[in-house]
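Everything below concerns the one structure shown next.
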Amino acid sequence: MKKIVILLFAVISAVSCSKDDEQTPTPDPVANNALKVFNKTSGLEIKDGDVINFNSISSQGAANELKFYFKNTSAAPINTKVKFISFSGVPDTSYLSICIGAQCLSSILPGNSYPGNSEPIITVPANGIIGDIESYKIFNTTTPVAPATKIDYVFEAYQYDVNGNPVGNKVRFTYRYQ
């Protein structure tokens with residue numbers, strides 16, 4: 001009886017471990033430093049900690065606009081968002097706007113990421129860029145409130161996975177009017 005049970009177990013094990021079983025693919029790892037952000041006007045990379053200065057609040061001639069685009073240096077597509085971290089020098093953000101493509105948002109709030117969850121995803125193709133044709137920009141149309149002598153808006157571009165969790169590198173930068 002023991003021999004029959006052992007033989008039966010061996011046959012079931014052999015059949016269940018067939019090579020025909022479909023293998024679950026291993027997801028592509030996200031490159032830690034795949035996300036790059038570039039100033040569209042100057043062509044320079046915006047690096048973590050950078051401060052980009054503006055001295056105009058005029059919307060004419062786009063002198064107050066930080067136009068930017070995303071670059072992906074990995075072999076897999078990445079999703080990205082821009083998070084508004086903080087502001088100083090003004091009582092609120094009613095004169096601040098961010099545009100992601102055709103959608104421009106005003107009075108954005110610290111702690112929120114753009115585009116929002118109900119808005120189209122920004123997917124940067126593998127070894128590609130996005131935002132070079134579309135209008136990705138941040139702009140301010142007010143002056144500091146005394147005693148402040150400058151306005152700082154801090155943003156953070158980041159990658160995220162299919163569950164919405166941040167992954168990979170982040171690029172935190174400051175849009176400054178002075």
Contacts of Gln103 meeting side-chain hydrogen bond (donor to acceptor under 3.5 Å, both in side chains) (sequence neighbours excluded), chain-then-number -> Glu119
The complete set of disulfide bond (SG atoms under 2.5 Å apart) pairs with one or both residues in residues 82-135, sequence neighbours excluded, reads Cys99-Cys104
Apart from Tyr160 itself, its cluster of hydrophobic side chains linked below 4.5 Å comprises Ile121, Tyr158
Could you walk me through whether Phe70 and Phe68 pass the ring-ring contact (aromatic ring centres under 6.0 Å, His included) test, one step at a time? CA-CA 7 Å; Phe70 300 108; Phe68 61 95; 5.6 Å; yes
What one should report as the nearest heavy-atom pair of Gly89 and Ala148 is CA-CB, 3.6 Å
Sorted by chain and number, sequence neighbours left out, side-chain hydrogen bond (donor to acceptor under 3.5 Å, both in side chains) with Asn127 holds for none
Ring pair (Phe, Tyr, Trp, His ring centres under 6.0 Å) filter on Phe87, not counting sequence neighbours, yields none
Could you tell me how the ring of Phe155 sits relative to the ring of Phe173: parallel (under 30°), tilted (30 to 60°) or perpendicular (over 60°)?
-> parallel
Students should find that the hydrophobic cluster of Val162, defined by side-chain heavy atoms under 4.5 Å apart, otherwise consists of none
Residue pairs passing the disulfide bond (SG atoms under 2.5 Å apart) test with at least one member in residues 124-178, sequence neighbours excluded, are none
Any salt bridge linking Glu156 with Lys83? Criterion: basic side-chain nitrogen under 4.0 Å from a carboxylate oxygen. no
side-chain hydrogen bond (donor to acceptor under 3.5 Å, both in side chains) filter on Lys81, not counting sequence neighbours, yields Asn117
Quick one: do Ile122 and Tyr136 satisfy side chain to side chain contact (heavy atoms under 4.5 Å, CB included)? Show the steps, please.
CA-CA 11 Å; Ile122 302 172; Tyr136 288 33; 3.9 Å; yes
Residues 140-154 vs salt bridge (charged side-chain N to carboxylate O under 4.0 Å, His left out), sequence neighbours excluded, gives Asp152-Arg176
Residue set satisfying side-chain hydrogen bond (donor to acceptor under 3.5 Å, both in side chains) with Ser94, at least two apart, ordered chain then number -> Asp92
The remaining residues in the hydrophobic cluster of Tyr69, counting side-chain heavy-atom contacts under 4.5 Å among Ile, Leu, Val, Met, Phe, Trp and Tyr, are Phe38, Ile129
Residues pairing under side-chain hydrogen bond (donor to acceptor under 3.5 Å, both in side chains) where one sits in residues 40-53, two or more places apart or in two chains, turn out to be none
When Val171, Val124, Asn72, Leu35 are each screened for side-chain contact (heavy atoms from CB on, under 4.5 Å) with Gln159, the one that passes is Leu35
Minimal heavy-atom distance between Tyr177 and Thr142, with the atoms involved, is CD2-O, 4.0 Å
